[in-house]
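Let me begin by presenting the structure, written as structure tokens, before commenting on it.
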Amino acid sequence: MTLSQLQQAIERHFAAGPSAIGDPSAMTAFLSLRAGLESGELRAASPDPASPTGWRVNAWVKQGILLGFRLGVLGELPAGSLSFVDKHTYPVRHFTAGDGVRLVPGGSSIRAGAYVARGVVCMPPMYINAGAWVDEGAMVDSHALVGSCAQIGKRVHLSAAAQIGGVLEPVNAGPVIIEDDVLVGGNSGVYEGTIVRRGAVLAAGTILTRGTPVFDLVRDQILRATAELPLIISENAVVVPGSRAVTKGRGQKWGLSLYAPVIVKYRDEKTDLSTTLEDLLR
Ligand SMILES: CC(C)(COP(=O)(O)OP(=O)(O)OC[C@H]1O[C@@H](n2cnc3c(N)ncnc32)[C@H](O)[C@@H]1OP(=O)(O)O)[C@@H](O)C(=O)NCCC(=O)NCCS
């Protein structure tokens, strides 16, 4: 099947709704898509300089991922003496030493339909969901989540407990994208299609959603999502968690403040030093 034939098949079976269930050609199309996702040939979103965000969402690929959930029935997934039950179309991925991925033992799981490049290190426990892309040299630390369709760039460090939200529906919604060489600090969360440009640093505890304004002290601007564009964190920005005073109403009367991520600087030598990874551990 060529790529365009696969796309047509996925679109047709997705449009067929529940009647695709039990159709062997729908399952064949889904399994080709899933294999393409795992080999890195297909992805839910791809770099595209012509797009305003620099990324293009491949809606048909997301339709195919959703089709897999529709076609799946609950099945038992063997795992030694443990027992798991999930859609049979999304079992746990298996790796060999030849894949060049370090999957350290201890409660981690990488779902079928996820791409994990050579040189990625997965510290337990962590989870990488279907449709996610994790590029070369990335580190997914303990308790980190890479949600469905999230795109994680080369040499990104997802620190302990970093949560990268999944975006599956609607199919044209952009996933969370963490570009190359970003550090996502411990206990951070990036959700709702937010894009973090290359080299940026999110200090521990930074949370970014579509509704979160980000205050750039250096460039004297406030970054926000719009109706058309997600929240986009600038290249090399260093974002730390801050707060801002509520200036009206009861919030002001009660002396409240709201969480406010702040860009305090752009990456410099000191940041490079603070974020250097222990090469020996890799
Ligand atoms: C952001 C970080 C990398 C520091 O970067 P840096 O370039 O060395 O930052 P600096 O120390 O120059 O600080 C710049 C400003 O931001 C402030 N700042 C730095 N880190 C901050 C944080 N986490 N929260 C709030 N403010 C912070 C500093 O106080 C300084 O402000 P000031 O000049 O008014 O004092 C570091 O704070 C961080 O969060 N590292 C990640 C830790 C982590 O999660 N490790 C993973 C373990 S698995």
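Just so it is clear, the structure is predicted and the values come from calculations on it, not from any experiment. Each ligand, and each atom within it, is numbered from 1 in the order the structure gives.
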Ligand 1 N/O within reach of [X] N/O, cut-off under 3.5 Å:
X      : value
Ser274 : yes
Ala204 : yes
Thr275 : no
Gly186 : yes

Pairing residues for Lys154 by the side-chain hydrogen bond (donor to acceptor under 3.5 Å, both in side chains) criterion, not counting sequence neighbours: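 For Lys154 the side-chain hydrogen bond (donor to acceptor under 3.5 Å, both in side chains) partners, ignoring immediate neighbours, are Asp135.
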Minimum distance, heavy atoms only, to [atom]: which one of [options] is it?
atom                    : options                        : result
atom 24 (N) of ligand 1 : Pro261, Pro241, Ala162         : Pro241
atom 18 (N) of ligand 1 : Val240, Asn187, Asp141         : Val240
atom 47 (C) of ligand 1 : Gly185, Ser142, Ala144, Ser159 : Ser159

Fellow cluster residues of Tyr115, listed by chain then number, with links counted only when side-chain atoms sit under 4.5 Å apart: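 Other cluster members: Trp133.
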I'd like to know if [atom] has any protein heavy atom within a distance of less than 4.0 Å.
atom                    : answer
atom 28 (C) of ligand 1 : no
atom 8 (O) of ligand 1  : yes
atom 33 (O) of ligand 1 : no

